[in-house]
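Everything on this sheet refers to the single structure shown next.
We're numbering straight along the sequence, starting at 1.
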Amino acid sequence: MMTIYWYPSLLLMALAATAALSAPFGIQSGQGILSSGKEEDGGSSFSGSMLYDADHHVVFLTGSTYGKFWSMQSGATETSSSSCFVSILSLPEEGEGEQHDATWLHANRLGNATEVDESCSAMVNIDSNKLYIGGSSDDKGILTSLRHQGSTRATQYGIILDIDVHLKSPSEQTSLLGGRLFHSTSVQSIRSMVTTSDGETVFAVSEDSDVSHLNPMFPTSQGNLIRENKYGTSKDIFLRVSKMRRKKKLTPTSFDLAETFEPHLWTKEIEADEIRIAGLELLSSGSVVLFGSILGVNEEFAPNDRDGTKDDWDGFITQFDGMDGRILYSYRVDISLGNDDVINGICRQKGQDEVFYVAGRKNYSAFLARMLIIEGDGIMLDWTKSLDAKRDGKNVGLRCAITDDGRQVYIGGRALNGATIDHPTIVQPSHGGDDIWLGQIDVDSQNWNWLKQMGTSADEDLSDLQVDKYNNLLVFGNTNGSFLRQSKGNEMTDVFVMSLARNGESINDHSSPMVPQHSLPPVSQISSSINKSDGSASSNGDLIAVVVVTITFFLVLAFFWRQRRKSIESYQDENQVSKYLKGFDDVEIDLKQSATGGWHGNYVNHDGGLRYFSSTRMEEAVSFVHSCEMSPLTHAAIVQDSLFALDDDDEDTTIRDSSRGMRNGAVEQEDSSYNGLVDAYNNTWDELSQHTLPTQPKALVDVDISDGTEEKEETWGQDII
């Protein structure tokens, strides 16, 4: 793990930020969260698409599965064929403290997985009550009953599922109403969709092929139908953009499923040596923008090939008229001449038609590009941000998401084959396999606010990024390792969904020991991210500022108070003894010549009697009611002077507490001739119990007058003679 040096002011900001953010969460499929048991799921699952519903703070997830994890039915088992899954996950709200787990509201396997392969890869929601999910199905699959009698039978159908959502129903939260079956070619698969706000018009892009033989590279068991072609190869694929309208009147079939969409209003095919889809966007004007990558030459969809070669990939952005499918404008994304420029993902700010961001790779260096759509002038490149891997490693950008106010952009990618992304914050090398990485870029400065790489010794991958209503990042992907739970091995693939706070904090940072965390965001970047927080979270930003200023003020105040206190304590230590002795100015001391030399004395009551001492400590406050005039020789100053004066004849000799030899009220007898004198001064002091020496006087050193040796005393002033 990397080491971070926490400076006090930055630590305060980090703590304040943590207090204001919702706790990150993370869930990995594969072990009995939804199914009845806790045993390991024997089937793989693959992530397809994720949608976020801000009104209910939930995410909808879809993909394909061979396992039982997504089945709510008792007795569910793994299958040899793939089926679709759809699930609803309730997210933790901000201010819920240490809650790190989201809550599953619903999950369901769809289709006829015992006989045919089906998968779901795209999804759009109209509102909280309606989902359209796109994907593919073999013959005899989930929507085959919608094929019109006498029409062409396909090997693999494209499908759009029309699903009603009932978030308030505890028993049945999704129900399949019907949908649309695509079979104009032998092989079709819906890869991306957009819809109007009322859900009445849908635009879809599919990967089509006339080749129906099995792909020899597709796995014989539990293959990923979302990322790989089961039939034909990538060179056999072309794209089809279609527009359709939802039917006003629905007629159920014999299988109680309705065909809910009219036939195509228009379609547009795109061909090239090879072509890949990145996404589809619907503008407020009604036009549709298609993003993808092309290998070879196609002047209609990817014009102005600067190098004129057919052996490198270039991105393309094509704008269609939503009414009739005419191409309004097309732009070729050729960032680096003669190199691959591949677009893998797109994102844009809500309600903004003029700005798009595309994530991809330039050869094997990841990039994020900001694209501008200028009315009447087409599309232009504004700026790009690149991210390399160390030691010529391979690194690709996959997905992006943008905050509501457009000030920060999240980007996610994949470091391939044990590569480590090349950035100062990434100090620990990859643990092997393919890792994912995530970062946040400030739009104005194009600088990284934070960046991190995470993964296991197995492979991880990204499918989707979304931003929630707090502008935290939501991540949907795949793992073959123990990413967010302890799995048994790398044979199966699980899906995971997790969140990262705006400052980059994730559940991996502190609560998942099986996860090899490659980096943490530097403290300076945490504070930078806080300072650049989005407008929707401005109240949180104001609160953080108030907390930081308040804590800083009190820390500074405490520092100066402590310094002042030390000064006062030092002064009191030096003056406490003197002040105490001055309290005896009105006490007479009977001084007599000692038989062994020097002086000894007794305190004298005003009635002429001796006052006796005990080993108990005196009261801290010394108070005398009477006063009388005394001889200078009996004044307490004599005692004070004798205690603090040094012997001029011997510079190595210092004065020690004359109570040397007193231990727990007993006398240590060091010299028998001296013992008789000492006994006279060590009777009980009960009558002076109100007199007390200072609680923390300084220790002194005296010289033993009997043998000339030095001895340090533990506490000064316990007994005075």
Side-chain angles (χ1 to χ4, degrees), residues 28-30 40-49 61-71 77-86 109-123 133-142 144 154-159 185-192 206-209 211-237 274 276-277 344 398 414 416-417 433-434 436 458-464 476-481 483 487-496:
Q28 177 177 333
S29 69
E40 191 84 6
D41 194 349
S44 293
S45 295
F46 302 96
S47 56
S49 181
L61 306 172
T62 192
S64 63
T65 182
Y66 297 87
K68 60 184 179 181
F69 177 85
W70 305 100
S71 178
T77 60
E78 296 85 0
T79 61
S80 59
S81 300
S82 171
S83 60
C84 290
F85 71 81
V86 58
R109 283 193 315 195
L110 303 173
N112 187 14
T114 58
E115 299 182 14
V116 299
D117 279 331
E118 296 165 307
S119 70
C120 291
S121 55
M123 180 167 51
I133 298 178
S136 65
S137 168
D138 287 352
D139 194 19
K140 299 181 181 179
I142 188 170
T144 304
T155 303
Q156 178 178 281
Y157 297 87
I159 57 173
T185 57
S186 296
V187 174
Q188 290 187 262
S189 180
I190 304 298
R191 296 301 190 189
S192 185
S206 62
E207 291 181 349
D208 293 14
S209 174
V211 177
S212 58
H213 61 76
L214 287 173
N215 181 359
M217 302 301 294
F218 189 78
T220 57
S221 175
Q222 301 198 16
N224 187 349
L225 290 163
I226 298 173
R227 293 293 181 91
E228 304 169 74
N229 300 312
K230 181 180 178 181
Y231 300 98
T233 66
S234 58
K235 294 183 178 181
D236 303 318
I237 299 296
E274 287 189 59
R276 298 173 184 171
I277 175 67
N344 292 318
L398 293 176
R414 196 179 191 192
L416 306 178
N417 302 321
D434 297 346
I436 64 170
D459 292 340
E460 280 71 44
D461 196 5
L462 280 180
S463 293
D464 211 345
F476 192 34
N478 305 320
T479 179
N480 289 97
F483 188 60
S487 63
K488 292 184 178 179
N490 300 336
E491 295 82 8
M492 301 299 163
T493 300
D494 293 338
V495 305
F496 69 85

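- Once rounded to the nearest 0.5 Å, the distance linking SG of C120 with CD1 of I142 reads 7.0 Å.
- A donor-acceptor pair is defined here as one N or O able to donate and one able to accept, closer than 3.5 Å; such a pair exists between the side chain of R191 and the backbone of I226.
- Taking 4.5 Å as the limit, every side-chain heavy atom of V187 sits out of range of all side-chain heavy atoms of V211.
- Put simply, CD on E207 and CD on Q188 are 11.0 Å apart, with the number rounded to the nearest 0.5 Å.
- Side chains of N480 and T493: a donor-acceptor N/O pair is present below 3.5 angstrom, by distance only.
- Between F46 and Y66, the two ring planes are perpendicular [angle over 60°; tilted spans 30° to 60°].
- Partners of E228 according to the side-chain contact (heavy atoms from CB on, under 4.5 Å) rule, which considers only residues two or more places apart in sequence or in another chain, are F218, P219, N224.
- Judged by distance alone, the side chain of S82 and the main-chain N or O of E118 form a donor-acceptor pair under 3.5 Å.
- The two residues S119 and C84 come nearest to each other via the heavy atoms C-SG, 3.2 Å.
- Applying the salt bridge (charged side-chain N to carboxylate O under 4.0 Å, His left out) rule to D434 yields the partners R414; only residues at least two apart in sequence or on another chain are considered.
- Using a distance-only test at 3.5 Å, with no hydrogens or angles considered, a donor-acceptor pair links the side chain of S29 to the main chain of V495.
- In this structure, S212 and S186 approach most closely via the heavy-atom pair CB-CB, 4.1 Å.
- Considering only residues two or more places apart in sequence or on other chains, S49 meets the side-chain hydrogen bond (donor to acceptor under 3.5 Å, both in side chains) condition with none of them.
- At distances below 3.5 Å, not a single donor-acceptor pair connects side-chain atoms of S206 with backbone N or O atoms of D208.
- A pairwise comparison of heavy atoms in S64 and F85 identifies N-CE2, 3.5 Å as the closest pair.
- In this structure, the side-chain hydrogen bond (donor to acceptor under 3.5 Å, both in side chains) partners of E274, at least two apart in sequence or on a different chain, are S234.
- Side-chain contact check for L214 versus K230: some heavy-atom pair is nearer than 4.5 Å.
- Using modelled atom types, one side-chain atom of N478 and one backbone atom of S47 make a donor-acceptor pair closer than 3.5 Å.
- Partners of D464 under the salt bridge (charged side-chain N to carboxylate O under 4.0 Å, His left out) rule, at least two apart in sequence or in another chain, do not exist in this structure.
- The distance from the CD atom of Q28 to the CG atom of D494 is 4.5 Å, given to the nearest 0.5 Å.
- Of the inter-residue distances, the one linking I159 atom CD1 with S137 atom OG reads 5.5 Å to the nearest 0.5 angstrom.
- The line from CG of D138 to OH of Y157 is 9.5 Å long, rounded to the nearest 0.5 Å.
- Looking at I436 and F496, their side chains come closer than 4.5 Å, going by heavy atoms from C-beta outward.
- S121 approaches I190 most closely through the heavy-atom pair OG-O, 2.9 Å.
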Start with the C-alpha gap between S209 and Y231, add the side-chain angles, then the distance that decides, and say whether side-chain contact (heavy atoms from CB on, under 4.5 Å) holds.
CA-CA 8 Å; S209 174; Y231 300 98; over 6 Å; no

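- When atom types are taken as modelled, the side chain of R109 and the backbone of G67 share a donor-acceptor pair closer than 3.5 angstrom.
- Applying the side-chain contact (heavy atoms from CB on, under 4.5 Å) test to E78 and every residue at least two apart in sequence or in another chain returns D41, K68.
- For the atom pair NE2 of H213 and OG1 of T155, the computed distance is 10.5 Å after rounding to the nearest 0.5 Å.
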